Amino acid sequence: MDNKRAGSQPSGKGSAEWFTGTVRIDPLFQAPDPALVQGASVTFEPGARTAWHTHPLGQTLIVTAGCDGCSGTAAPSRKFGPAT
């Protein structure tokens, strides 16, 4: 078991390759190899966006504030937030 205190890992800036605008990434956990799971808290300043990308193995988003929108090739775009 690996225990980490909140804020004990340094924040990083979102890469221009993945994001537009100002984005802060706070790592939460990363499982040891060979696991492929990791978690981060990502904070978007107003107007910031992610670049179009896919997650072939899936992704879980937990929206804790504000709202988010997502779309896929097989589904119309949708907006969601903490209360939806």
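All figures in this text were calculated on a predicted structure; none of them were measured in a lab.
The shortest side-chain heavy-atom distance between Leu57 and Leu36 falls under the 4.5 Å cut-off. A heavy-atom distance below 4.5 Å is not found between the side chains of Val42 and Trp18.
With values rounded to the nearest 0.5 angstrom, Ile25 atom CD1 is found 13.0 Å from Gln9 atom CD. To the nearest 0.5 Å, the span separating OG1 on Thr20 from CZ on Phe44 amounts to 9.0 Å. Note: Asp26 CG to Arg24 CZ = 4.5 Å, rounded to the nearest 0.5 Å. How far CZ of Arg5 is from CG of Asn3: 9.0 Å, rounded to the nearest 0.5 Å. Remark: Gln59 CD to His53 NE2 distance equals 5.5 Å, nearest 0.5 Å.
Heavy-atom minimum distance, Pro27 versus Pro10: CD-O, 3.4 Å. Nearest heavy-atom pair across Val23 and Ala48 is CG2-CB, 3.8 Å.
Checked by atom type and distance alone, the side chain of Ser15 pairs as donor or acceptor with a backbone atom of Glu17 at under 3.5 Å.
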